[in-house]
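What follows is one structure encoded as structure tokens, with my remarks underneath.
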Amino acid sequence: MFPILDIKQLLTDYSAGANIFNDRDYLSPNLVPQELVSRDEQITQILQVAMSALKGGAPSNILMYGTTGTGKTASIKYVSREISQHFHDAGNRVPVFLYLNCQEVNTTYRVIAQMCNMLNPDEPIPFTGLPTDVILVELSNRLEKACQGTVCFVVLDEVDVLVKKAGDETLYHLTRMNAQLQSARVAVIGISNILDFKDLLSPRVLSSLSEEEILFPAYNATELIDILAARAARAFNPGVLEDAVIPLCAALAAKENGDARKALDLLRRAGELAERKCRIAVNEDLVYQSQEDMSRDRVQDFVTQSPLQQRLVLLSIFLLQQNGLDPIKTGEVYATYCELYKSIERDNPLTLRRVTQLAKELSLLGIITAQTKSDGRRGRSTYLKIQVPLKQLQNTFAADVRLGELLAYKPRAVRRPDLAPVNAKFYKKLT
DNA sequence: TATCCACAGGAAATCAGGGTGT
DNA sequence: ACACCCTGATTTCCTGTGGATA
């Protein structure tokens, strides 16, 4: 017989816990609050530039910088909401704000197509197939129709991702758009997470895009406390947060680059944990636990969602580290990857070039560290090391249908450390 | 001090898979 | 049916490099 799940008991337990949340949406990083903490200066700047364009001046393009969770996106959304409301209330033509996230929309074609679709959803542009210059013409037609006599603000969030991937051609087209338009005008607002974004731009784009630059510094712990307190007052029911909770979330997030998004996430998770555990209040312990959960979930999500090749590369590094190899060099990782790959697939493994690329991606995600060092005559290589708890990775791999059984595998580099280091000829033979 | 190792990583090409208009 | 387009993943080709060692 299966044990019988006592639903009634669970329900009773659950109801006995306090009602933690009043409205958890207030802890969502996507919510644009009524008041933005510590961003008056930046908001004023955006507003000035935008209003000058709306009064008929030549629209200036804006570049906004700052690391993740410093309020860039929230500020621009806040300003666009206020401006739209203002023009609406005054009975004037409301300016158009097109918001695009370049993490998702990351090629010239897609940006232009997406803008077209936002301006006129009734005639969708196919997601591939058409030449880019054709949809550029279509875009200027649609801008002319939709923004007659007013300004279209094109907000390109995470614009650095777009430029890194597709170059600055998109920005070039957009900043030149005004020359072709009769009654509508376009202003580009680029939001970048990296501070040296301008280095990625060619001079022809740089001069027009960086007409106005606005810097968003990281929040310090005090500012984060203000932000959290304002949100928590609406998100939680009175009395459920212990006093130390908000300062702790703020301190933990301040340590990690002053990321408000992270601070909010931490607070929300702590609340959810209290709810699940039927507690009557949120305390420090729950915050620490949530922090652990966040790191675990991040790794788990990555491993379960990434493609086979990426998982194999991570597994190779894991096995080498698990078996005590130190340091772990790219060459050994590649050899191990090939061994693993051949044991589960018949066709060719990836080349070394691609595997180094995948390893680089792992290090960008913070799952491993990669440090390039020279061993003199024994060559130059990158030393890799896993940054998350090995136990955590082991559990995640163990649950992987395809890779679970490979956990017991001992890489050649571990079995026969006496063998000569792998070299270019060796790789040729493998691929 | 010139050499040489074991890669790093940029650039361009290729491939397969999804489309388009005529 | 055909010529042409866009995309993401990958390969191919290549030049560059830090520093122990001959």
Side-chain angles (χ1 to χ4, degrees), chain A residues 100-117 123-139 141 160-170 173 196 199-202 302 305-314 316-317 320 325-338 341-342 345-365 368-385 411-413 417-431:
Chain A
L100 292 91
N101 188 319
C102 302
Q103 193 87 53
E104 298 142 22
V105 191
N106 53 16
T107 64
T108 304
Y109 182 92
R110 283 183 192 160
V111 169
I112 307 295
Q114 176 93 336
M115 286 175 66
C116 286
N117 290 339
E123 292 169 38
I125 301 278
F127 61 85
T128 175
L130 297 175
T132 306
D133 48 349
V134 169
I135 58 165
L136 260 169
V137 173
E138 179 63 22
L139 175 63
N141 291 339
D160 46 312
V161 177
L162 171 70
V163 174
K164 269 187 191 156
K165 198 185 156 229
D168 60 6
E169 199 191 329
T170 322
H173 288 309
D196 49 2
D199 296 349
L200 302 175
L201 300 177
S202 58
F302 172 79
Q305 286 166 23
S306 53
L308 177 72
Q309 307 287 12
Q310 178 84 80
R311 277 180 289 155
L312 273 173
V313 173
L314 180 59
S316 305
I317 306 170
L320 290 169
L325 193 75
D326 185 34
I328 301 168
K329 301 201 285 181
T330 309
E332 282 139 0
V333 171
Y334 183 61
T336 308
Y337 156 82
C338 290
Y341 187 78
K342 294 205 161 170
E345 293 278 339
R346 273 192 220 130
D347 57 347
N348 292 327
L350 298 178
T351 55
L352 172 67
R353 179 71 188 88
R354 178 65 181 143
V355 169
T356 56
Q357 221 171 63
L358 292 174
K360 181 93 191 175
E361 283 168 27
L362 288 174
S363 88
L364 288 177
L365 286 164
I368 64 170
T369 53
Q371 204 181 6
T372 309
K373 274 202 277 190
S374 175
D375 259 348
R377 270 232 136 150
R378 276 173 293 162
R380 216 166 95 91
S381 181
T382 300
Y383 291 24
L384 306 167
K385 194 163 193 183
R412 190 193 76 137
D418 54 306
L419 288 181
V422 285
N423 57 32
K425 279 179 203 156
F426 173 78
Y427 296 132
K428 273 265 152 46
K429 243 187 271 172
L430 283 174
T431 54

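Labels below follow one simple rule: chain letters A, B, ... track the order of the sequence lines, proteins then strands, and each chain is numbered from 1.
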Determine whether any donor atom in the side chain of [X] lies under 3.5 Å from an acceptor atom in the base of [N], or the reverse, and answer yes or no.
X      : N      : answer
A:R110 : C:dT7  : no
A:R380 : C:dG16 : no
A:T356 : B:dG9  : no

The side chain of [X] is closest to which nucleotide in this list: [options]?
X      : options              : value
A:K360 : B:dC4, B:dG9, C:dA9  : B:dG9
A:T330 : B:dT20, C:dT7, B:dA8 : B:dA8
A:L130 : B:dG21, B:dC7, C:dC5 : B:dG21
A:S374 : B:dC7, C:dC6, C:dG19 : C:dG19

Between [atom2] of [N] and [atom1] of [X], the distance in whole Å:
X      : N      : atom1 : atom2 : answer
A:R353 : C:dT15 : CZ    : C1'   : 12 Å
A:Q309 : C:dG8  : CD    : P     : 18 Å
A:R377 : B:dA6  : CZ    : C1'   : 13 Å
A:L352 : B:dC5  : CG    : C1'   : 14 Å
A:L350 : C:dT10 : CG    : C1'   : 7 Å
A:E169 : C:dT7  : CD    : P     : 10 Å
A:Q310 : C:dG8  : CD    : P     : 16 Å

Please determine whether a side-chain nitrogen or oxygen atom of [X] lies at a distance below 4.0 Å from atom OP1 or OP2 of [N].
X      : N     : answer
A:K165 : C:dG8 : yes
A:T132 : C:dC6 : yes
A:N106 : C:dG8 : yes
A:T107 : C:dT7 : yes
A:S381 : B:dC7 : yes

With sugar-phosphate meaning primed atoms plus P, OP1 and OP2, does A:D133 contact a base, only sugar-phosphate, or nothing at under 4.0 Å between heavy atoms?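 Answer is nothing: A:D133 stays at 4.0 Å or more from every strand.
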- Item | For A:L352 against A:T330, the heavy-atom pair lying closest together |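 Looks like CD1-CG2, 4.3 Å.
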Measuring from atom OG1 of A:T108 to atom NE2 of A:H173, what distance do you get when rounded to the nearest 0.5 angstrom?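 Between A:T108 OG1 and A:H173 NE2, I get 6.0 Å after rounding to 0.5 Å.
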For this session: Rounded to the nearest 0.5 Å, what's the gap from CG on A:L100 to CG on A:L162? Could you check?
Result: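 CG of A:L162 is found 9.5 Å from CG of A:L100.
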Taking A:I125's backbone N and O only, do any of them form a donor-acceptor pair with A:N117's side chain (distance below 3.5 Å, no angle check)? yes
Are any side-chain N or O atoms of A:Y109 and backbone N or O atoms of A:I135, one a donor and one an acceptor, separated by less than 3.5 Å?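 No, the answer is negative, given that no donor and acceptor are paired below the 3.5 Å cut-off.
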Report task. Return the 5'-most residue of the pair A:T382, A:G379 with respect to DNA chain B, ranking by each residue's nearest nucleotide. Result ->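 Between the two, 5'-proximity favours A:G379.
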